[in-house]
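The structure appears below as structure tokens.
As the structure is a prediction and not an experimental result, all values here were calculated from the model. Just so it is clear: chains get the letters A, B, ... in the order the sequence lines come, proteins before strands, and each one is counted from 1.
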Number of protein chains: 2
Amino acid sequence: MTAPLRNAEAAFVCAGCRGRNSGVCGSLSEGSLARICASAQMVTLPANARVCEAERGCSHFHLVQSGYLRMQSHSLSGRRQILGVARPGESIGPPRRGVGGYEVEAATPVRLCRFDRLTFELLLHEEPELRRALCQQSQIWLEKTRRLTWVLGALGSNARLRAMLLLSRDWLPWQPLEDGTGVLSLDLPRQDIADFLATTQETVSRLLHQFEDDGLIEIINPRKIRLIDYERLSEGLDVLGVA
Amino acid sequence: MTAPLRNAEAAFVCAGCRGRNSGVCGSLSEGSLARICASAQMVTLPANARVCEAERGCSHFHLVQSGYLRMQSHSLSGRRQILGVARPGESIGPPRRGVGGYEVEAATPVRLCRFDRLTFELLLHEEPELRRALCQQSQIWLEKTRRLTWVLGALGSNARLRAMLLLSRDWLPWQPLEDGTGVLSLDLPRQDIADFLATTQETVSRLLHQFEDDGLIEIINPRKIRLIDYERLSEGLDVLGVA
DNA sequence: CGCATTGTTGATCTATGTCAAGGACCGTGG
DNA sequence: CCACGGTCCTTGACATAGATCAACAATGCG
């Protein structure tokens, strides 16, 4: 955790940032971004580090530079539901405190731009671009969350997993090959995938191997999946627009 | 369906509106609201009327005066998931067109303020209050949708239904009685409840009767439920903050 | 080389979806 | 007034997806 940066260093912060061109950061002008970065701290956290408590809330605001954050909530029976994953360029504001809130953790090792809450509210006041960007982000999140809701509600585990594999091409590292297939880096552990899809590790594992047996995918190793038969992977999912 | 109203009539539009003090309308000043209402059409629709298509999108913007709208999406297998319910005072903008979109229907008979798309964008441009109200609404919706996601993902049908009963006190007609219990007007048909909770009519029916046998509720008639034992209704749901 | 983490596989059991039938209620028209 | 059809709700029988429990394999790390 480093001290706040002076203006001169601001450019440096964004230099290695993988989110510069997407999400909130992506829709900000150079000037605006520079002013904003000037009050950021760069923070690095290991996987599973807690970024934000559910009850106590959190006094910081973050932009993701690299890695993934997960928003999650637990039932008393211990079941965890992942409500969303924030990727580079996206922001995590302090969630509503108390009941109904969620907590934020690093799903992978992450690098974050951290803003003090007050500082950020000041920025928000001074930078209309930032306000607009955040408003837009919350609409995009709303759409993503609605889609997740739909996937959870309308599909069985089998289809849910296929949906996730196909949709993941848009937000996880994805390497298309010449033969039309492509390799997905499933950077999240099985348990996270399970908690995202509201199912269990075991089911995810079983289904992946079933897909492999059926020739839909190839499991190169647990984290590298080659998607082969898009046609059958997307069976019944046409509504999602995943070809 | 009536013609657009002249300014003089604007006040009249809101007169009978049950949403004047909540949602978007609730956070607007008199002046702003008057200007906005001036370009509204008042529309009345019967239950199950289609307000907005999923694919074609829709060229109107609506504020709910009374009744409920449901946002929903279908899987190819015919399963419907209700993504959210808009109540008086809330707005339904044209959802994203095409895949991933949802359709909007009247869940009950409704009265709506309808705005032409272009007109509304003009209003949005001229009324900063309106912009702010909509931005705020999308954040509230995001929270509601996240909560739904959590309920769907982390809870079984039994707990889901109990959660809905308790939470419904905040947005469906609710009449507390002297003895501490209270009567809920479950204004939605069983099928809608089922599609909201991602379960089936049959299960909803069975669970309600089971709750009655266990003394948690009394089914006065299919649409009137008296909540009796909050303690046990909220078992395992403490996280939601429902007493 | 242990030891911890992560993923896989098997056996079992149950909640709940599906199918099918019937009941309650309501408005309409004869 | 009653018969009719419609909608909404309830109940029963049955099948099964997937959760749970438990053990084990694979991988990586100190």
Next item on the list: Rounded to the nearest angstrom, tell me the gap between atom CG in N221(A) and atom P in dT5(C).
Entry: 20 Å
Check: Do any side-chain nitrogens or oxygens of S205(A) fall under 4.0 Å of OP1 or OP2 in dG7(C)?
Finding: no
Next item on the list: State whether K144(A) and E90(A) are salt-bridged, where the test is any N-O pair (Lys NZ or Arg NE/NH1/NH2 against Asp/Glu carboxylate O) under 4.0 Å.
Entry: yes
Check: Ignoring hydrogens and geometry, is there a side-chain-to-backbone donor-acceptor pair from Q201(B) to R190(B) under 3.5 Å?
Finding: no
Margin query: How many whole angstroms separate atom CD of Q201(B) from atom P of dT16(C)?
Written below: 17 Å
Item checked: N/O donor-acceptor pair, side chain R206(A) with base dG10(C), under 3.5 angstrom -> yes
Notebook entry, point to check: Mapping G156(A) and L188(B) to their closest nucleotides on DNA chain D, which lands nearer the 5' end?
Noted result: L188(B)
Note to self: Do L184(B) and L172(B) make a side-chain contact, defined as non-hydrogen atoms from C-beta onward lying under 4.5 Å apart?
What the structure shows: yes
Next item on the list: Measure the distance from CD1 on I193(A) to P on dG18(D) and round it to the nearest whole Å.
Entry: 17 Å
Note to self: Checking the side chain of S234(A) only, and the main-chain atoms of L237(A) only, is there a donor and an acceptor separated by less than 3.5 Å?
What the structure shows: no
Next item on the list: Starting from the 5' end of DNA chain D, give me the residue, S157(A) or E202(A), whose nearest nucleotide shows up first.
Entry: S157(A)
Checklist line | Short side-chain N/O contact to dG18(D) OP1/OP2 from T199(A), under 4.0 Å | finding: no
Checklist line | Length of the CG-P vector between L207(A) and dT9(C), whole Å | finding: 12 Å
Notebook entry, point to check: Roughly how many Å is it from CG in L197(B) to P in dA15(C), rounded to a whole number?
Noted result: 18 Å
Check: So W171(A) and F196(A), would you call those rings parallel, tilted or perpendicular, with 30° and 60° as cut-offs?
Finding: tilted
Note to self: Does Q191(B) contact dC9(D) through a side-chain donor or acceptor facing the base, at a distance under 3.5 Å?
What the structure shows: no
Check: How would you label the contact of R223(A) with the nucleic acid (heavy atoms, under 4.0 Å): base, sugar-phosphate, or nothing?
Finding: sugar-phosphate
Notebook entry, point to check: Any side-chain N or O of T203(A) less than 4.0 Å from the OP1 or OP2 oxygen of dG18(D)?
Noted result: no
Notebook entry, point to check: What integer distance in Å separates K224(B):NZ from dC9(D):C1'?
Noted result: 17 Å
Checklist line | base_contact_polar (dT20(D) base, R79(A) side chain, donor-acceptor, <3.5 Å) | finding: no
Next item on the list: Please report, rounded to the nearest Å, how far the P atom of dT11(D) is from the CG atom of L208(B).
Entry: 11 Å
Next item on the list: In whole angstrom, give the distance that lies between atom CD1 of I219(A) and atom C1' of dT9(C).
Entry: 13 Å
Item checked: Given dA22(D), dG7(C), dC19(C), the nucleotide with the shortest approach to the side chain of R190(A) -> dG7(C)
Check: Among the nucleotides dG7(C), dG17(C), dA19(D), which one has an atom lying closest to any side-chain atom of T200(A)?
Finding: dA19(D)
